J.: 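This is the structure I have questions about; it appears just below.
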Amino acid sequence: MATFLYKLGRFSFRHRLFVLLSWVALLVVAGVSASAATPPAPSSFSMPGTEAQRAFDLLGERFPEANSDGATARMVFKAPDGEQLTRPGYRAEIEKAVTGLKESSTQVASAADPFSAHTVSKDGSTAYSTVSYKVGSASLTEHTKDALQETADAARDSGLAVEIGGSAVQAEEESGTEVIGIVIAALVLLITFGSLVAAGLPLITALLGVGVGVSAIGALAHALDLGDTTSTLAMMLGLAVGIDYALFIVTRYRAELAEGHEREEAAGRALGTAGSAVVFAGLTVMIALAGLSVAGIPVLTKMGLAAAGTVALAVLVALTLLPALLSIAGKRILGRRARGKRPRKRRSTSARPSVGVRWAGFVLRRPVPVLVAGVVGLGALAVPAGSLELGLPDEGSLAAETTQRKAYDMLSEGFGPGFNGPLVLVVDAKNSGDAKTAAAKTAVMVKKIDGVAAVGPAAFNQAGDTAMITVVPSSGPGSAQTEEVVREIRGSSAGIESATGAQALVTGQTGMKVDFSQKMNEALLPYLALVVGLAFLLLMVVFRSVLIPLKAALGFLLSVGAALGAVVAVFQWGRLADVFGVQQAGPIMSTMPIFMVGIVFGLAMDYEVFLVTRIREAYVRGESPERAVVAGFKHGARVVAAAAVIMMAVFGGFLGSSEQSVKMIGFGLAVAVFLDAFVVRMAIVPAVHALLGRSAWWLPTWLGKLLPDLDVEGEKLRRRLESPDRAEAGQPEAELVEG
């Protein structure tokens with residue numbers, strides 16, 4: 001591995017223009033393909049094997065006339081306090097608005113009059129008109145969208161409160177939030193390297209890799225049914241790991257220059273050592289992301305694979321484009337002071353130890369207190385995770401100032417909290433004697449269930465053998481009470497079938513959310529076992545140790561548990577909600593735990609690989625276990641700390657998003673990176689190494705014979721390059737030359 005990467009680094013360094021133009025050409029092709037691709041349709045969502053999905057599929061088969069991929073909007077009208085919409089002036093204004101909606105665009109299929117459709121609240125204060133479109137939300141023209149807003153504005157002039165929700169009104173995402181993270185990352189890189197060129201290279205390579213990855217996702221979005229969240233996740237991860245991988249290699253390259261190697265040789269050695277760590281760090285992230293397919297939900301599988309592809313691009317960019325850019329940068333990769341210094345083989349022993357060395361010494365002298373403090377502290381932070389409640393975001397989780405959120409709140413106030421999340425009860429009466437009687441009995445039985453506020457009339461398909469019944473819970477769509485209502489209805493299905501001969505299935509948006517949360521819960525442990533198991537084997541090959549991968553996995557569990565606890569405290573309990581811009585506390589997004597397990601595990605293994613490869617490198621050169629830890633922190637602590645701050649900045653930049661789900665992911669990952677890098681890897685890891693001593697590197701003899709020796713730390717490469725017949729390996733070493 002190290003030898004191959006050494007040759008690759010020298011090749012890319014020598015053929016810099018070819019490598020650079022190849023990546024630029026790939027970026028252009030991906031960008032042109034994305035711009036010419038068909039806009040993605042609204043992402044379809046399916047959960048094979050769940051009752052909600054079976055009911056949805058049954059509706060598609062029995063109610064083809066009811067299936068429509070067209071966008072919808074719900075225009076909500078509310079009278080001033082103490083007044084009713086039945087007042088002639090208000091009623092005329094609403095009817096005028098409905099007529100205007102029908103005539104506003106050729107894309108409008110229908111717009112319902114609230115007074116004719118009986119969509120007026122009992123107190124007469126609130127009403128809504130449902131607008132159906134002939135095309136999906138992605139295909140709506142700007143004229144159609146503007147007409148919808150203009151109609152609402154005109155109705156407001158009469159004194160009515162008018163807001164709009166539905167798929168036709170897309171949440172306005174605050175663009176540029178990720179730029180904040182990039183700016184902070186640039187500052188950290190500048191402080192770390194002391195050179196604008198050195199600081200710029202990781203940003204350039206990361207942005208190029210993300211550009212290719214996100215453009216490829218855009219080009220394939222329609223064909224593979226990829227949603228917007230897929231590109232957001234890919235961008236978030238691609239930026240973070242892309243910057244970090246380049247940071248690690250550039251740091252090693254500068255260290256090799258400081259040892260007196262000429263630039264091409266330094267590039268080869270940097271890739272042969274740091275590049276090996278980057279490959280295996282990237283593999284752990286990709287394993288974690290690809291493992292999302294364990295959940296058995298197609299949309300998660302696609303998101304995971306797309307993000308894994310972006311990470312793979314980040315690795316390839318770091319291994320090929322970065323050496324080419326190092327060749328182009330020449331001596332400017334060093335700061336002004338370093339350029340004037342002569343290369344030296346060894347540092348003066350009188351030099352003041354670095355912060356990393358002093359910290360490592362502190363931990364080695366007090367391993368037990370440090371270990372106990374770290375474990376207890378993370379355990380305390382993880383306590384809130386015990387009350388985790390899962391759900392999926394809807395318009396009720398949007399920012400309070402958005403029109404969708406205002407419409408949601410107005411409907412909840414006027415029609416009850418369960419109105420925004422009705423259940424759809426599908427009654428399959430094909431095998432019953434009388435379908436209408438079966439549906440009527442089913443409605444009566446369901447209405448008696450606690451927590452059911454209302455049951456609508458049955459709507460039959462053309463064949464008359466299947467009915468849809470709307471069930472409105474008395475609680476909101478994301479509440480635990482609504483989940484209990486779903487379970488109660490499903491629990492009574494056997495009694496319904498016995499009494500009517502018909503089968504009743506619960507679906508609808510709320511039913512799908514309940515099943516999705518349950519499926520996520522069921523998938524979490526198998527996913528955790530798969531990801532941790534595969535990564536354990538991978539790290540055992542990398543470090544040729546049994547205890548090091550075990551320590552890495554346990555440390556990850558501590559950090560992810562603590563981070564999830566922080567997410568629950570802020571987004572579910574509402575602690576410090578104002579500080580982090582949380583509009584409304586509520587259930588945690590169902591995908592959050594499995595995303596955190598996957599992504600945080602991959603990132604945690606990044607730090608483990610980056611830091612421990614330096615420790616192992618010193619150990620295999622003959623250093624004692626304690627001195628190896630000090631050497632590892634001398635060379636690796638600063639770069640791991642910088643990498644962690646950069647990742648925190650990139651993830652934290654997404655806290656500015658108006659989407660609660662994106663904000664939640666950004667917060668959770670930023671906290672997890674902080675805890676894993678600065679508590680687990682910087683404190684718990686050296687403490688464990690101090691207590692284990694040489695046992696940390698224990699590997700049964702029989703297992704050592706079975707495992708391949710990949711020379712990740714580059715020791716075999718170093719011995720070959722420094723052997724008497726060095727000339728056979730490449731050009732002789734020389735002093736730093738200008739480039």
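All values derive from a computational prediction rather than experimental measurement. The first residue of the sequence shown is numbered 1, and numbering continues consecutively from there.
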J.: Under the 3.5 angstrom rule, does the side chain of Y527 hit a backbone N or O of A288 as a donor-acceptor pair?
T.: yes
J.: Which heavy-atom pair separates A670 from G652 by the least distance, and what is that distance?
T.: CB-N, 4.1 Å
J.: Is the backbone of I333 close enough, under 3.5 Å, to the side chain of R254 for a donor and an acceptor to pair up by distance?
T.: yes
J.: Angle class for the Y619/W697 ring planes (parallel below 30°, perpendicular above 60°, tilted otherwise)?
T.: parallel
J.: Has K663 got a side-chain atom pairing as donor or acceptor with L655's backbone, closer than 3.5 angstrom?
T.: yes
J.: Inspect the surroundings of CG in L196 and state if more than 12 heavy atoms from other residues, nucleotides or ligands are less than 6.0 Å away.
T.: no
J.: Will you find, in the side chains of T320 and W23, an N or O donor that is under 3.5 Å from an N or O acceptor?
T.: yes
J.: What is the minimum heavy-atom distance between M596 and A672, and which atoms define it?
T.: CE-CB, 4.3 Å
J.: Judged by atom type as modelled, is there a donor-acceptor pair below 3.5 Å linking the side chain of S545 to the main-chain atoms of A696?
T.: yes
J.: Taking atom CZ of F4 as the centre, does the number of heavy atoms from other residues, nucleotides or ligands within less than 6.0 Å exceed 12?
T.: no
J.: Take L326 and L201 through the test side-chain contact (heavy atoms from CB on, under 4.5 Å) and record every step on the way to the result.
T.: CA-CA 8 Å; L326 290 173; L201 291 187; 3.6 Å; yes
J.: Can you give me the closest heavy-atom contact between A644 and A677, atom names plus distance?
T.: CB-CB, 3.4 Å
J.: I'd like to know if the side chain of S12 reaches the main chain of G9, judged simply by a donor and an acceptor atom lying under 3.5 Å from each other, with no hydrogens or angles considered.
T.: no
J.: The test is side-chain contact (heavy atoms from CB on, under 4.5 Å); show your working for F248 and Y253 and say whether it passes.
T.: CA-CA 9 Å; F248 196 53; Y253 172 73; over 6 Å; no
J.: Between M647 and D244, does a side-chain contact (heavy atoms from CB on, under 4.5 Å) hold up when you go through it step by step?
T.: CA-CA 8 Å; M647 280 204 180; D244 278 4; 2.9 Å; yes
J.: Strictly distance-based, threshold 3.5 Å: is any side-chain N or O of E262 a donor or acceptor partner for the main-chain N or O of L257?
T.: no
J.: Taking 4.0 angstrom as the limit, do K551 and E608 come out as a salt bridge?
T.: yes
J.: Heavy atoms only: give me the nearest F633-P686 pair and the separation to one decimal.
T.: CZ-CG, 3.6 Å
J.: For H261, is there any backbone N or O sitting under 3.5 Å from a side-chain donor or acceptor partner on E259?
T.: no
J.: Looking at every non-hydrogen atom in both residues, tell me the closest pair between A308 and M286 and how far apart they are.
T.: O-CG, 3.5 Å
J.: Between E617 and R252, does any NZ, NE, NH1 or NH2 come within less than 4.0 Å of an OD or OE carboxylate oxygen?
T.: yes
J.: Is it the case that the side chain of R575 and the backbone of A566 share a donor-acceptor pair, with hydrogens and angles ignored and the cut-off at 3.5 Å?
T.: no
J.: For the residue pair L237 and A307, what are the closest heavy atoms and their distance?
T.: CD1-CB, 4.1 Å
J.: Anything under 30° is parallel, anything over 60° is perpendicular, the rest tilted; go ahead and classify F580 against F667.
T.: perpendicular
J.: Under 3.5 Å, side chain of S327 to main-chain N/O of F13, donor-acceptor pair present?
T.: yes
J.: Give the C-alpha distance, both sets of side-chain angles, the deciding distance and a yes or no for side-chain contact (heavy atoms from CB on, under 4.5 Å) between V241 and T310.
T.: CA-CA 10 Å; V241 301; T310 305; over 6 Å; no
J.: If only atom types and distance count, is the side chain of W359 paired as donor or acceptor with the main-chain N or O of M682 below 3.5 Å?
T.: yes
